[in-house]
2 protein chains.
Amino acid sequence: MVSQQIDRQIAARLAASGIRYTSGRRRVVGVLAAADGPRSAAELHDDLGRKVPLSSLYRSLSVLTDAGVLAPHHGSGRIVRYELAEWLMGHHHHLVCADCGAVDDVELPEPWESALAVLVSEATAPQGFIAASHTLEIGGLCPGCLNPEQGTRSKGAGIG
Amino acid sequence: MVSQQIDRQIAARLAASGIRYTSGRRRVVGVLAAADGPRSAAELHDDLGRKVPLSSLYRSLSVLTDAGVLAPHHGSGRIVRYELAEWLMGHHHHLVCADCGAVDDVELPEPWESALAVLVSEATAPQGFIAASHTLEIGGLCPGCLNPEQGTRSKGAGIG
DNA sequence: TTCCTTGCAAACGATTTGCATTGGA
DNA sequence: TCCAATGCAAATCGTTTGCAAGGAA
């Protein structure tokens, strides 16, 4: 269930680049908008009922990433997970479960986030590096893996 | 050139697990200790003069990672880069060049690092996630890609 | 001698690509 | 109509693994 606003923003962005916002691409965006963290091609494939061939899925992901609609996340393992870009989702960080590999999003309280941005610029400047973005990758154990017995995880994530 | 201390620590750790610290493994550690950031199998292969077969390299990386001597970094692209674990290198963060893909290490000034650790624990707790580690992945442009003409980069990194 | 390691080659699995077909502006 | 998008199948490429030979304790 993509919010009308996000859908409009994406449609506009794609239109500006002459890229079609097809039903297949809308479905991918829909799943990602509903997800609570980045999703891999395989996870999306499942979420979409395995009807869309993987190659098409990969192509959609590639096009949407190039258009700046999706942001790839190279988390744990050798798979790439995608999520809506920050200009759509808002700035956030990642919780990576060391056990199941699932990735969730977190936001930091605002005063800290601003301070962090400044800190990042200042700390990297001495090395001659110009910082443009940052994400905190937080490792640990997700609730689902901490309490395995308390019902199945509703997230559908964690392919591991 | 591995510092004697680090070499001793690794030797002790491996010995404790009944794992041999062979010359091949020492060479891998040597290159990583001299590097200024995580290195991929292909990069190490080059650094070692392409004499060690890739499969052996991968096996060394696997053994050393399982032993807790190396830490894998799933940065950009589909490749995995390795570096000495934090108990050997000290806690640090990563500068990832958006252009060439090279990864360098950075440390944050201490008062901030402590505050960040607390912040991370507090911010993740509400989601029921237990944080165990964190790394700031900072994206941007490295000096080499900012000033392409000023001599070749001495890092040897950046395979892209 | 007895395992652990190393090499080589084949196997794997995630992702990409060539090419013909389908579909939307 | 016409070019972008899609499907299928084959190709890539980083990484893993089976198996026999080499080495260190």
Side-chain angles (χ1 to χ4, degrees), chain A residues 10-30 38-67 69-82 101 103 158-160, chain B residues 10-29 38-67 69-82 101 103 157-160:
Chain A
I10 295 175
R13 179 122 177 184
L14 293 181
S17 301
I19 298 169
R20 292 185 194 155
Y21 195 17
T22 63
S23 61
R25 292 171 186 172
R26 273 175 201 278
R27 257 169 296 186
V28 169
V29 167
R39 309 290 245 143
S40 68
E43 289 166 345
L44 290 170
H45 187 231
D46 283 352
D47 292 342
L48 293 172
R50 299 167 202 251
K51 288 165 187 166
V52 190
L54 274 172
S55 63
S56 298
L57 202 40
Y58 277 113
R59 257 194 274 242
S60 291
L61 293 172
S62 173
V63 167
L64 293 172
T65 299
D66 289 347
V69 171
L70 301 186
H73 176 251
H74 313 273
S76 58
R78 54 229 115 173
I79 68 183
V80 182
R81 289 165 199 262
Y82 296 82
V103 183
I159 266 200
Chain B
I10 295 176
R13 179 122 176 184
L14 293 181
S17 303
I19 298 169
R20 290 183 196 156
Y21 195 16
T22 62
S23 63
R25 292 171 187 172
R26 273 175 202 277
R27 258 169 295 186
V28 169
V29 167
R39 310 291 247 141
S40 67
E43 289 166 345
L44 290 169
H45 187 231
D46 283 351
D47 292 342
L48 294 171
R50 300 168 202 248
K51 289 167 187 164
V52 190
L54 274 171
S55 63
S56 297
L57 202 40
Y58 278 113
R59 256 193 275 243
S60 291
L61 293 171
S62 173
V63 167
L64 292 172
T65 299
D66 289 348
V69 171
L70 301 185
H73 176 252
H74 313 272
S76 58
R78 54 228 119 174
I79 69 184
V80 182
R81 289 165 199 262
Y82 296 82
V103 184
I159 268 200

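We name chains A, B, ... by the order of the sequence lines, and we start the count at 1 in each one. Owing to the predicted nature of the structure, the values given are computational and were not obtained by experimental measurement.
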For [X] and [N], give me the distance from atom [atom1] to atom [atom2], rounded to whole Å.
X	N	atom1	atom2	answer
A/Leu14	D/dA4	CG	C1'	13 Å
A/Ile79	D/dT15	CD1	C1'	15 Å
B/Leu61	C/dT6	CG	P	11 Å
B/His74	D/dT15	NE2	P	10 Å
A/Tyr21	C/dG24	OH	C1'	16 Å
A/Leu64	D/dA4	CG	P	17 Å
B/Glu43	D/dT15	CD	P	10 Å
B/His45	C/dC8	NE2	P	10 Å

For [X], report the nucleic acid contact type (base, sugar-phosphate, nothing); a contact means any heavy atom under 4.0 Å.
X	result
A/Arg59	base
A/Ser55	base
A/Thr22	sugar-phosphate
A/Ile19	sugar-phosphate
A/Val80	sugar-phosphate

| said: Donor-acceptor check, side chain of B/Arg13 to backbone of B/Ala67, threshold 3.5 angstrom: yes or no? | reply: yes

| message | A side-chain contact here means heavy atoms from C-beta on lying under 4.5 Å apart; do B/Pro38 and B/Tyr82 qualify? | response | no

| task | Report the residue (B/Gly18 or A/Leu54) whose heavy-atom-nearest nucleotide on DNA chain C is the more 5′ of the two. | result |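 Nearest-nucleotide comparison on DNA chain C picks B/Gly18.
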
| note | Of B/Ala41 and B/Arg20, the one whose nearest nucleotide on DNA chain D sits closer to the 5' end is B/Ala41

Please report, to 0.1 Å, the donor-acceptor pairs under 3.5 Å made by any side chain of residues 51-65 of chain B, with sequence neighbours excluded.
residue: B/Ser60; atom: OG; partner: B/Ser56; partner atom: O; Å: 3.2
residue: B/Thr65; atom: OG1; partner: B/Leu61; partner atom: O; Å: 2.6

| field | A/Arg25 versus A/Ile19, closest heavy-atom pair with distance | value | NH1-CG2, 3.3 Å

| field | Pairwise distance CZ(B/Arg81) to CG(B/Leu70) - rounded to 0.5 angstrom | value |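 Here the interatomic distance stands at 15.0 Å.
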
| Can a side chain N or O of A/Tyr58 be found less than 4.0 Å away from OP1 or OP2 on C/dT16? | no

| message | From the set C/dC19, C/dT15, D/dA5, return the single nucleotide nearest to any side-chain atom of B/Arg78. | response | C/dT15

